[in-house]
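Here the structure is laid out as structure tokens; the discussion comes afterwards.
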Amino acid sequence: MRKGFLTLAAVGLLATGSMTACGDDSGTEAGSSTEKKPKIGVILPDSKSSARWEGADRRFLKEAFDAAGVESDIQNAQGDKTAFQTIADQMITNGVTALMIVNLDSGTGRAVLDKAKSQGVATIDYDRLTLGGSATYYVSFDNEAVGKLQGEGLSKCLTDKGAKNPVVAYLNGSPTDNNATLFKNGYDSVLKPKFDSKEYAKGPDQNVPEWDNAQAATIFEQMLTQTGGKIDGVLSANDGLGNAAISVLKKNKLNGKVPVTGQDATPQGLQNILAGDQCMTVYKAIREEAKAASDLAIAVAKGEKKETGQTVKDPEGGRDVPAVLLTPKPIYKENVKDVIADGFVTKDEVCGGAYAKLCADAGIS
């Protein structure tokens, strides 16, 4: 990774003096694992909402745990809440000393975290905060900043197209994902003033249950019908939802004419940007997120504690959760090459077939 491309917001996490023994009487989960062999359990949410979970997070986390010589068990709940809880129970029974989860919803996540805590297992909320939960740490990106970049990106693309009083539709993420709420807070902070001033017109605004891309296509088709085809910009919360909207726009010969946002810098999202069908995405360096989370998990699995130098307020539980938040980056056609140069995706994944010339034109060599 090139120096300076992304930085940790919580530099205290990396300080060499931040490790301390956690054998006090504070009752924290981390202190209970000192006499056990370190073992880390990770539960990923699914594989259909985003390619990142299996394509990036699993790989980077496993590499980090293996490099540290710490045993790990990484499983995917595949969107099944019952399976999520069953996996957690099995991991606790099998002796994990740290458990990292990406919750499917806060209710399920909270039950898993509370059970782990009762068994003396340290816990980490990875990428998504479990509202009302008891996680020892939270590792993610600044998710309101992600949404702000999306709002600014859509505004830039509409301006570039010379749009006048454009109608903007929202394809939000899952209503059970706190990140989706934070993303919307971010892009609303940019776009709502434009709606209020009548510079932009507010179009349909819907959440997509479980980030399901097939449902997103159906929802967006209904939006387009509802507005008589008058949608001039789409704030879609990630690349999968963006591609769903693009598939409908293609059927109506509107692709490339209607700016669409995204998030995650997936190969498909980057290809859509190169083709001119998607105006931007937000790159979150998953390798850096996984490194921050694995560093914490390895420490607490060994019965240690790290100071992050930062907290996030849980709005439901009222708790200040020790946190590490990383900085996202906007990606447009002119800097798609940065994501490839950073090693997040490969040139082969993005530049095959019909995209070879588009990649060359974009300076990807």
Side-chain angles (χ1 to χ4, degrees), residues 5-6 50-52 56 141-163 166-173 179-180 182-192 194 200 203 208 211 213 216 220 231-250 254-286 326-342 344-345 349-351 355 358-359 361-364:
F5 190 61
L6 272 136
S50 176
R52 62 167 286 188
F141 285 80
D142 184 334
N143 291 308
E144 288 200 6
V146 170
K148 186 176 180 183
L149 291 176
Q150 292 174 317
E152 291 170 347
L154 184 60
S155 181
K156 175 184 182 299
C157 295
L158 288 168
T159 298
D160 289 347
K161 289 188 174 296
V167 175
V168 174
Y170 281 7
L171 274 177
N172 309 305
N179 281 2
L182 297 175
F183 301 146
K184 192 172 191 295
N185 289 345
Y187 49 77
D188 267 343
S189 73
V190 176
L191 298 176
K192 189 175 183 299
K194 295 181 181 293
Y200 292 178
V208 179
W211 296 90
N213 297 333
F220 186 70
I231 290 177
D232 303 298
V234 185
L235 196 302
S236 55
N238 74 359
D239 288 347
L241 303 186
N243 189 67
I246 289 166
S247 70
V248 175
L249 292 170
K250 283 180 177 178
L254 292 171
N255 58 302
K257 300 175 182 177
V258 177
V260 178
T261 65
Q263 176 188 174
D264 290 337
T266 62
Q268 184 180 64
L270 297 175
Q271 288 175 337
N272 283 336
I273 290 172
L274 291 169
D277 293 334
Q278 183 170 324
C279 80
M280 61 84 68
T281 187
V282 178
Y283 174 44
K284 302 185 299 186
I286 307 304
L326 292 90
T327 305
K329 181 180 179 71
I331 299 296
Y332 300 88
K333 184 179 290 187
E334 59 267 22
N335 64 339
V336 165
K337 60 182 179 290
D338 288 351
V339 183
I340 295 172
D342 216 41
F344 180 65
V345 298
E349 288 177 299
V350 177
C351 299
Y355 296 95
L358 294 174
C359 282
D361 291 345
I364 301 168

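In what follows, every heavy atom counts, from backbone to side chain, and hydrogens, waters and symmetry copies are set aside.
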- Message: Quick check against the 3.5 Å criterion: does Asn238 have a side-chain atom that pairs as donor or acceptor with the backbone of Gly240?
- Response: yes
- Query: With a 4.5 Å heavy-atom cut-off, do Lys257 and Leu249 have their side chains touching?
  - Reply: no
- Item | Minimal non-hydrogen separation, Pro328 against Leu326, with atom names | CD-O, 3.6 Å
- Note: Lys184 and Asn172 closest approach over all heavy atoms is CE-ND2, 3.6 Å
- Below 4.5 Å, heavy atoms only, C-beta onward: do Gln150 and Val282 meet side chain to side chain? yes
- Task: Look at the side chain of Asn143 and the backbone N and O of Phe183, then say whether any donor-acceptor pair between them is shorter than 3.5 Å.
- Result: no
- Would you say Leu274 and Cys359 make side-chain contact, with heavy atoms under 4.5 Å? yes
- Residues Tyr187, Leu154; criterion side chain to side chain contact (heavy atoms under 4.5 Å, CB included); working and verdict: CA-CA 9 Å; Tyr187 49 77; Leu154 184 60; over 6 Å; no
- Query: Any idea which heavy atoms bring Phe141 and Ala285 closest together, and the distance?
  - Reply: CZ-N, 3.3 Å
- Query: Who are the side-chain contact (heavy atoms from CB on, under 4.5 Å) partners of Lys161, not counting sequence neighbours?
  - Reply: Pro259
- Ignoring hydrogens and angles, tell me if any N or O in the side chain of Ser155 forms a donor-acceptor pair with the backbone of Gly151 under 3.5 Å. no
- Message: If I compare all heavy atoms of Ala56 with all of Ile286, which pair ends up nearest, and what's the gap?
- Response: CB-CG2, 4.0 Å
- Between the CG atom in Asp239 and the CZ atom in Arg52, the distance rounded to the nearest 0.5 Å is 11.5 Å
- Task: With rounding to the nearest 0.5 Å, note down the distance linking CG in Asp232 to SG in Cys157.
- Result: 13.5 Å
- Query: Are side-chain heavy atoms of Asp277 and Val260 found at a separation under 4.5 Å?
  - Reply: no
- Message: So, taking the atom named CG in Leu149 and the one named OG1 in Thr281, what distance separates them when rounded to the nearest 0.5 Å?
- Response: 10.5 Å
- Given Lys156 and Met280, is the side chain to side chain contact (heavy atoms under 4.5 Å, CB included) satisfied, shown in steps? CA-CA 10 Å; Lys156 175 184 182 299; Met280 61 84 68; over 6 Å; no
- Message: Quick one: does any side-chain atom of Gln271 pair with a main-chain N or O of Val350 as donor and acceptor, under 3.5 Å?
- Response: yes
- Message: Suppose we screen for salt bridge (charged side-chain N to carboxylate O under 4.0 Å, His left out). Which residues come up paired with Lys192, at least two apart in sequence or across chains?
- Response: Asp196
- Is the closest side-chain heavy-atom distance between Leu182 and Asn179 below 4.5 Å? yes
- Heavy-atom closest contact (Gly173 atom, Ala237 atom, distance): N-CB, 3.7 Å
- Does some side-chain heavy atom of Asn213 sit less than 4.5 Å from a side-chain heavy atom of Asn243? no
- Item | Steps toward side chain to side chain contact (heavy atoms under 4.5 Å, CB included) verdict (Gln278, Ile246) | CA-CA 8 Å; Gln278 183 170 324; Ile246 289 166; 3.8 Å; yes
- Task: Show your reasoning for whether side-chain hydrogen bond (donor to acceptor under 3.5 Å, both in side chains) applies to Tyr283 and Asp338.
- Result: CA-CA 10 Å; Tyr283 174 44; Asp338 288 351; over 6 Å; no
- Do you know the tightest heavy-atom contact between Thr261 and Cys279? CG2-SG, 4.2 Å
- Query: Quick check: does any side chain N or O of Asn335 sit under 3.5 Å from a backbone N or O of Tyr332, one acting as donor and the other as acceptor?
  - Reply: yes
- Are side-chain heavy atoms of Tyr170 and Asp188 found at a separation under 4.5 Å? yes
- With sequence neighbours excluded, residues passing side-chain contact (heavy atoms from CB on, under 4.5 Å) with Ala245: Leu171, Phe220, Val234
- Looking at CD of Glu349 and CZ of Phe344, how far apart are the two atoms once the value is rounded to the nearest 0.5 Å? 9.0 Å
- Would you say the side chain of Lys194 lies within less than 4.5 Å of the side chain of Val168, judging by non-hydrogen atoms? no
- Output for pair (Lys337 NZ, Cys351 SG), nearest 0.5 Å, gives 12.0 Å
